[in-house]
Amino acid sequence: MPPPYRPTEIEPAWQDHWRDAGTYQVENDDPRPHYYVLSMYPYPSGKAHMGHVRNYTFGDLIVRYRTMTGHAVLSPMGFDSFGLPAENAAIKTGVHPRTFTDARIEELRSSLVRIGGGYDWRRQVMSHDPGYIRWTQWIFKRFYEAGLVYRRNAPVNWCPGCQTVLANEQVVDGLCERSGDAVERRDLEQWFFKITDYAQQLLDDLDQVEWPERVVVQQRNWIGRSEGAQFEMAVVNADGAETGAAFEVFTTRPDTAFGMTFCVLAPEHPLVGQIVGDDRRAEVEAFVDRARRTSEIDRLSTERALDERGCATGAFARNPFTGEVVPIYLADYVLATYGTGAVMAVPGEDQRDWDFATIFGLPIIETVTRPEGWEGEAFAGDGIHTNSGFLDGLSVADAKAAASAWLAEQGVGGPKVNFRLRDWLLSRQRFWGCPIPVVYCEACGVVPVPDDQLPVLAPDDVEFRPTGESPLRFHEGFLRTTCPECGGPATRETDTMDTFVDSSWYFLRFADPASTEVPFRVGEIAKWLPVGQYIGGAEHAVLHLMYARFFTKALSDLGLVPPDLREPFRRLFTQGMIRLGGSKMSKSKGNLVAPEEIVDTKGADALRLAQLGLKPPQDDVDWEDVSIDGAFRFLSRLWRLAVPGSDMVGSTRSGEQRPADLDIRRATHRLIAEVTADFERWSYNTAVARFMAFLNELYRYVQSDGGPHGDVLDEAIDAVLLVMAPATPHVTAELWKRRRGADAHIHVESWPVADAALLAVDSVTMVVQINGKVRDRLEVPADIGEADAVAAALASPKVMAQLGGADPRTVIARPPKLVNIVS
RNA sequence: GCCCGGGUGGCGGAAUGGCAGACGCGGUGGACUCAAAAUCCACUGUCCGAAAGGGCGUGUGGGUUCAAGUCCCACCCCGGGCACCA
């Protein structure tokens, strides 16, 4: 009796082998063509969950497949090991975040090994490693020197739950995307990356990447480019006399400026206090105060009545187009952080302005001719301008250009492009992050820590208080230092960096992990980057991917990576999310089986196969749909047939091959061709279906009357093992070794190539339709001509019976696949 | 509101305009067994029919075509993204 399939015995042995033999270690000067496969490095949360399994199975499949196709594959892994959970655990339990994090990393690393991941562990990086922190800080300093980092006092998003500020990208619907707390507005001195310098490039270069359209669209939306005009408006008295004050407005509709009947400033606009009339001062101050206290979520709400949202200032401004005087209002929907924080209001052509004008009793002027039968309020469509001075008679597009040009001529403004993208707020008031390497000197001001004193590390002897405040703020030994420039007393920055800073360059370090003078050498980067295939969750569509793109462009401009490396990730695949199954969530949550338990019982290969076969990779997955039994059953079937001494096979024939043998040979080569095509197009679920269908066919073959031909069966089994190797690496390796000998290793074999001669078929099933309905199927030669095909179809007894002697009106022949008889 | 996806058996899902439902799960029957499990084999969209065979079927309604799940128009539903950005 041959041994049964026991994955728990064979899998650890192969994992040891891959580690000891360095199967997935790769050198930078490897002569094979280079290919960089990268799965997003995980936050170390402990043992792998299903999301990890799904993500890293796809990545590993590609690594193993590309290795077999003859590439030198860079397959690194690391850990995004800074972040709030470790700090929260520290506050709760008193365990230092490093101790906590190191333990979680070991759990996750072990999980990744146990699901069969093939990585070059020598290249591992961890965000919290002092060796990594040093370079994060080093890069920060290069950005600082290049003017890409600055510090300013700004209204920021403060999450009371996380006790830290958040980037705009981390605020969703006015709530913290992490904790769900309502985000408050605070004014704080904060560090920013000048990502807006790259707004246009970040937009343009999206054309260069092969990414899911969904992600590209999200990035475009986030960057939010809009073209328009910006111009100055003088603040005047009610009688039109200049006050000397002025403000700028941005508009995408300069063509409608003749219809401006008021303008609106953000409550935070710096001019507010200066221009407000004395009789309005109390009311305006109350309004501004209320707006500042209103939470982000309420301020974004469109539910609130407009009359609560706006307030007259009693001041006026002059419309440069008409020379007329219009009142200045405040409204909380005008955002201080977008454009100039001030807008012109044209109620005739903008619905929001129309609503506002109606509430506050302001005039409405139509400057674009309405279409016939127009019954709406504001009209935002195209039309011919009217009531618009020199713009009358022009279309919207022409009037926009003419208005912008006129502004430039007058010297009061001109065309302007605005972006929704804001600078990246990187300060975090947390302990467990990369310290910002600057000190504050009473004499010299802000002084970066010299390179030779990096890394700046947080001290270990800290006390985590439940107040949520960073312990760095109270650690005298850390706080008190001397100024590197004057030697005088100085204090350290206690804020740390957003953890997205760490993940914005880790993929570069992987290419040159041992570099000592610089974080990575340009020449080594050129050997691997850009990443050939990046794999990760769609939830990073905006945040991580935007930041990493920005870093790459900035580093490229600084000469730290090759000048032509403008995009870090050439191809991106975003797999679906794991859902905890809709309404049954609470019930099924208790029954969830952890991946490691499945590995312990059914093996990693069954787990991987179940994930791959379940549904298309980009689809979301319901946890309870992941069924391991079918996958395990299939692998057992494979084993029973392929293991030497199989009791399924019995005796085999040799010598002359029969038609049935040729059929199997054809099926074998079709399998190779089809799986290859499926792998190339990320259709793993159909590839798994092909494995199964092929094995079913082999089972029928070995049990057929004549029995299997030995050579034919060997070829078939070899082929299925090879094409399955990237998907189920352990069982295929074990069977290969048992069939080929102790030194045989399937993962260093070449990917099989289908024999074209065997893919060509000489007879096919031709479908015969009458009026589009299938009436018969005929075996015909593959090279059958049109006349023969029609003749064969008309000769079919079933067709003759259906036609009942009547002559067909038309016959459409598409030999050799189909004949359609129209009667 | 706008922009993307998507609606196919009991379920997950397959299908370059040319055999709808590959493959799996679940189910039914059979073989093996004292029996059960495991395994192997067969069947499994739906309706009519003893069968042969036939009718109907891819969210709804139209259209293009010899032929539509696939293309076009309108609509309904679900999922995701954006949404006071001037």
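This structure is a prediction, so every number in the text was calculated from the model and none was measured. Every chain is numbered from 1, with letters handed out A, B, ... down the list of sequences.
Counting any heavy atom pair closer than 4.0 Å across all strands shown, A/Val822 reaches sugar-phosphate atoms only and no base atom. A/Gly630 comes within 4.0 angstrom of the backbone, heavy atoms only, and of no base. Contacts of A/Arg670 with the nucleic acid, taken as non-hydrogen atoms under 4.0 Å apart, are absent. A/Arg637 comes within 4.0 angstrom of sugar-phosphate atoms only, judged by non-hydrogen atoms across all strands, and of no base. Counting any heavy atom pair closer than 4.0 Å across all strands shown, A/Thr810 reaches no nucleic acid atom.
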Between the protein and nucleotides 44-47 of chain B, which nitrogen or oxygen pairs are less than 3.5 angstrom apart?
none

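Taking the side chain of A/Arg775 as heavy atoms from C-beta on, and the options B/C41, B/G54, B/G18, the nearest nucleotide is B/G54. Picking from B/G80, B/G18, B/C25 the nucleotide with the shortest atom distance to the side chain of A/Arg214 gives B/G80. Side chain of A/Gln769, nearest nucleotide from B/C25, B/C19, B/A86: B/C19.
Residue A/Ser226 has a polar side-chain atom (N or O) positioned under 4.0 Å from OP1 or OP2 of B/A86. For B/C85, the OP1/OP2 oxygens have a side-chain nitrogen or oxygen of A/Arg352 closer than 4.0 Å. OP1 or OP2 of B/C25 sits under 4.0 Å from a side-chain N or O of A/Arg633.
For the pair A/Tyr338 OH and B/C85 C1', the interatomic distance rounds to 5 Å; values are reported in whole Å. One atom, CZ of A/Arg220, and another, C1' of B/C2, lie 16 Å apart when rounded to the nearest Å.
Atom CZ of A/Arg681 sits in a crowded spot, with more than 12 heavy atoms from other residues, nucleotides or ligands closer than 6.0 Å.
Salt-bridge annotation for A/Arg253 and A/Asp350: absent, with no side-chain N of the basic residue lying under 4.0 Å from a carboxylate O of the acidic one.
Secondary structure note: stems in RNA chain B built from 3 or more consecutive Watson-Crick or G-U wobble pairs under 3.5 Å occupy B:1-7 with B:76-82, B:10-12 with B:23-25, B:26-31 with B:39-44, B:45-48 with B:53-56, B:59-63 with B:71-75.
A heavy-atom distance below 4.0 Å to RNA chain B is reached by these residues of residues 682-699 of chain A, ordered by number: A/Asn685, A/Thr686, A/Ala689, A/Met692, A/Ala693, A/Asn696, A/Tyr699.
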